[in-house]
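A quick write-up on the structure given underneath.
In what follows, chains carry the letters A, B, and so on, assigned in the order in which the sequence lines appear, proteins first and then strands, with residues in each chain numbered from 1.
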Amino acid sequence: MPELPEVETVRDGLDRLVVGAVVRDVEVFREYSVRRHDGGPDSFRDQLVGRRLSAAVRRGKFLWLPLEDAAPTPLVEPAPSVEPVETPATRQPEPTGTHPAAALLAHLGMSGQLLVRGAAVSIAHAPGPAAVLVPEPAPGTDDWQHPHLRVRLHLTDAPSGARYLDFVDQRTFGHLSVQDLVPVAGSIPAGYGSDLPLLPEPVAHIARDLLDPGLDLDDLIRRVRRRRTQVKRALLDQTVVSGVGNIYADEALWRAKVHWARQTDKLRTADVRRVLDSAAEVMREALAQGGTSFDELYVNVNGESGYFDRSLAVYGQENEECRRCGALVRRDAFMNRSSFSCPVCQPAPRNLR
DNA sequence: CATAGAACCTGTATGC
DNA sequence: TGCATACAGGTTCTAT
């Protein structure tokens with residue numbers, strides 16, 4: 001569900017509200033949500049407790065929070081037991097430098113949300129309110145625990161006052177894990193001020209996204225044209241270019257006046273360039289609006305919706321008039337989903353009709 | 001290697 | 001009302 005603008009909105013919120021915080025405890029309510037973590041829920045908790053969230057970084061739809069060792073203070077009150085037992089809760093944090101570079105990696109899948117609770121700072125996007133107080137959850141109130149709460153991080157030392165970072169996910173395609181950071185030549189994901197060429201292992205194969213300053217657009221155009229597939233499939237292939245999903249692919253193709261089923265190897269360089277430029281443009285515009293949301297399934301870390309759905313030209317607009325020519329927007333089946341396009345502005349290739 | 005399709009989950013909307 | 005089916009913003013695994 002969340003595509004680049006939505007994930008970037010979340011990354012920005014985490015940057016402002018939870019970077020600098022120390023993880024004091026971790027609750028995993030659904031094991032499946034940490035299935036990508038090597039070692040299971042206990043190991044996941046072990047590798048987070050006592051560590052500081054030092055940045056918020058994104059590539060495409062993946063986002064991660066690099067970890068560093070927090071000040072070596074006891075994590076919890078020493079248990080008043082007669083026999084001291086070594087448990088994850090009582091273990092002292094290891095001295096700085098003993099951990100390999102690692103990060104808390106998140107993918108929101110189709111319905112994942114990261115909600116910051118207890119912060120007294122707003123990250124509201126226009127045209128929303130200028131400032132809102134995110135309430136601290138209180139037992140007994142409706143927002144105490146979201147029905148799809150899968151993982152909760154308990155935080156301290158957040159400059160914003162954030163107390164909890166909640167991972168909420170209805171469809172459970174999203175996931176959290178702790179991953180080693182591995183060097184990948186030349187990559188500069190959003191969130192790194194300079195070149196820190198470190199990516200979580202599961203992100204190493206993900207291509208740069210269209211808002212990455214390190215993107216080589218001409219090289220990307222060549223790679224797209226070297227493929228033998230439909231242009232929309234190439235747009236959605238995260239190893240070709242990342243961040244584009246079903247919504248922005250359709251919007252980009254409409255802006256570029258290219259039908260989704262056109263073969264990449266038959267497109268002219270100028271057409272491919274226009275499609276990619278359009279995709280970058282529509283995602284930048286969506287980002288400025290706080291992303292696209294049709295319902296409560298996508299919200300930013302404050303629980304607020306984005307407003308870009310009002311700007312969508314074709315996605316979800318079946319039988320509505322094309323904003324350019326007035327023809328009725330059509331919907332086609334595509335990869336167990338839908339493609340929306342204008343039958344006049346985006347003529348279908350011959351092999352399709 | 002490149003490409004296409006199924007699988008992974010939960011929930012809502014729609015039609016019979 | 002009950003039940004079946006279709007559909008939803010994504011990625012990974014498997015088969016070809």
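Across B/dA7 and C/dT5, the matching P atoms stand 16 Å from one another, rounded to whole Å. Nucleotides B/dA6 and C/dA6 place their P atoms 14 Å apart, quoted to the nearest Å. Rounded to a whole angstrom, the distance from the P atom of B/dC9 to that of C/dT14 is 14 Å. Taking atom P in both B/dT14 and C/dG9, one finds a spacing of 16 Å when rounded to whole Å.
Side-chain proximity of A/Ile247 to C/dT11, C/dA8, C/dG9: nearest is C/dG9. Between C/dT11, C/dA8, C/dT12, one nucleotide has an atom nearer to the side chain of A/Gln238 than all others, and that is C/dT11.
Straight-line distance from the CG atom of A/Leu235 to the C1' atom of C/dG9: 15 Å, rounded to whole Å. Rounded to whole Å, the distance from CZ on A/Phe334 to C1' on C/dC7 is 16 Å. When the C1' atom of C/dA8 is taken as reference, atom CG of A/Asn246 falls 10 Å away, rounded to whole Å. The interatomic distance linking A/Ile206 (CD1) with C/dT11 (P) rounds to 7 Å, in whole Å. With rounding to whole Å, A/Asp332 atom CG is found 12 Å from C/dC7 atom P. When the C1' atom of C/dT12 is taken as reference, atom NZ of A/Lys61 falls 13 Å away, rounded to whole Å. The interatomic distance linking A/Tyr307 (OH) with C/dG9 (C1') rounds to 19 Å, in whole Å. Between A/His107 atom NE2 and C/dG9 atom C1' there is a gap of 11 Å when expressed in whole angstrom units.
Applying the salt bridge (charged side-chain N to carboxylate O under 4.0 Å, His left out) test to A/Arg274 and every residue at least two apart in sequence or in another chain returns A/Asp271. Here A/Arg228 pairs with A/Asp265 under the salt bridge (charged side-chain N to carboxylate O under 4.0 Å, His left out) rule; sequence neighbours left out.
For A/Arg117 and A/Tyr164, the positive end is not near the middle of the six-membered ring at less than 6.0 Å and at most 45° from its axis. For A/Arg35 and A/Tyr32, the positive end sits near the middle of the six-membered ring, less than 6.0 Å away and at most 45° from its axis.
Between A/Arg152 and A/Asp25 no salt bridge is recorded (no basic side-chain N to carboxylate O distance below 4.0 Å). Salt-bridge formation is not detected for the pair A/Asp237/A/Arg233: no Lys NZ or Arg NE/NH1/NH2 atom is positioned less than 4.0 Å from an Asp or Glu carboxylate oxygen. Note on A/Lys232 versus A/Asp250: salt bridge recorded, some NZ/NE/NH1/NH2 to OD/OE distance being below 4.0 Å. Taking a cutoff of 4.0 Å between a charged side-chain nitrogen and a carboxylate oxygen, A/Arg222 and A/Asp218 do not qualify as a salt bridge. Remark: A/Glu281 does not engage A/Arg284 in a salt bridge, criterion side-chain N to carboxylate O under 4.0 Å. A salt bridge does not link A/Asp277 to A/Arg255: none of the charged nitrogens lies less than 4.0 Å from a carboxylate oxygen.
A/Arg331 and A/Ser338 form a side-chain donor-acceptor contact under 3.5 Å, judged by distance and modelled atom types alone.
Residue pairs meeting the ring-ring contact (aromatic ring centres under 6.0 Å, His included) criterion with at least one partner in residues 244-287 of chain A, sequence neighbours excluded, are A/Trp260-A/Phe334.
OP1 or OP2 of C/dG9 has not a single side-chain nitrogen or oxygen of A/Tyr248 nearer than 4.0 Å.
Pairs of Watson-Crick or G-U wobble type, with distances under 3.5 Å, assemble into runs of 3 or more in DNA chain B at these ranges: B:2-8 with C:10-16, B:10-16 with C:2-8.
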* Structure fact -> Under a 4.0 Å heavy-atom criterion, the protein footprint on nucleotides 3-10 of chain B, written with B, S and -, is SSS--BBB
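Residue contacts for A/His175: at a heavy-atom cut-off of 4.0 Å it reaches no nucleic acid atom on any strand shown.
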Enumerate the protein-to-nucleotides 13-16 of chain C contacts in which both atoms are nitrogen or oxygen and the separation is below 3.5 Å.
none

